[in-house]
Amino acid sequence: MQLAWILFLDAVHHRGQLSTYLRPMGSAVPSIYGPSADSAEG
Amino acid sequence: MSQWEHLFIDGEFMSRARLLSGLTVEQVSLRPPGLPHTIYEELWHTTKWQSIVVQCDETAVAAWINGGQDFPSEAPGNERMWEDLVSEFLAGSATAVELGRSPEALTEEVGPDSTLAERLESLAVHNAYHLGKIVALRQVIDAWPPPV
């Protein structure tokens with residue numbers, strides 16, 4: 001359980017970093033934990 | 001370290017207190033080209049949702065989910081506003097850890113199909129995601145890593 005959380009939290013944290021880099025690189029930010037300003041739902 | 005301290009205080013990535021340290025109000029108000037939110041706005045969003053969850057206020061939870069104010073309407077006017085926001089965030093995280101200390105409370109349903117444990121786990125994921133965005137913003141404005 002603890003190992004699963006370690007891996008999961010690390011992935012989530014870095015996903016946040018990566019999503020921040022997407023827009024300045026000219027890419028749209030997809031829905032991740034909810035709609036983004038670029039997603040169809042946003 | 002308990003699972004909740006790991007999730008909310010200093011597990012896996014940099015301690016939350018250090019991750020948010022060493023920033024001026026000018027830095028947290030910067031909006032780099034192409035990025036929608038400042039560091040202040042990211043932490044405001046993260047802190048307000050955390051506060052709602054740890055207060056176990058189901059009316060506020062529903063209001064937020066159904067179109068509540070996601071981000072602040074104004075930039076911080078002074079250093080104190082940023083410092084207060086950081087303090088509020090860290091205090092909310094400490095409250096989350098305290099809530100997790102009671103095995104009985106963790107199994108109680110706090111909302112539709114959601115126990116307190118599930119609500120806290122979801123909150124930790126939300127925090128980790130937005131703190132990752134704050135790290136990226138700090139890197140963009142050349143304010144990373146924080147001072148030791």
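Throughout, protein chains are lettered first and strands after them, A, B, ... in sequence-line order, and every chain is numbered starting at 1.
- Among the candidates A:Arg15, A:Gln17, A:His14, the residue making the largest number of heavy-atom pairs closer than 4.5 Å to chain B is A:Gln17.
- The minimum heavy-atom distance linking A:Ser19 with B:Tyr129 is given by the pair OG-OH, 3.1 Å.
- Considering only heavy atoms from C-beta on, A:Leu9 comes within 4.5 Å of B:Phe13 through its side chain.
- Shortest non-hydrogen contact noted between B:Leu137 and A:Thr20 is CG-CG2, 4.3 Å.
- B:Asp142 CG: 12 or fewer foreign heavy atoms inside a 6.0 Å radius.
- Contact annotation for B:His6: both backbone and side-chain heavy atoms come within less than 4.5 Å of a heavy atom of chain A.
- B:Ile65 is connected to B:Leu120 through a chain of hydrophobic side-chain contacts under 4.5 Å among Ile, Leu, Val, Met, Phe, Trp and Tyr, so both are in one cluster.
- Looking at heavy atoms from C-beta onward, A:His13 lies in side-chain contact with B:Val135 at the 4.5 angstrom threshold.
- For the atom pair OH of A:Tyr21 and NZ of B:Lys133, the computed distance is 11.0 Å after rounding to the nearest 0.5 Å.
- Interface remark: B:Leu19 contributes side-chain atoms only to the contact with chain A (heavy atom separation under 4.5 Å).
- In terms of heavy-atom proximity, B:Val125 sits nearest to A:Val12 at O-CG1, 3.3 Å.
- Neither the backbone nor the side chain of B:Glu42 comes within less than 4.5 Å of any heavy atom in chain A.
- For chain A, the nearby parts of B:Leu7 are the backbone and the side chain; heavy atoms of each come within less than 4.5 Å.
- By the 6.0 Å contact criterion, CZ on B:Arg80 is open, its count of non-hydrogen atoms from other residues, nucleotides or ligands being 12 or less.
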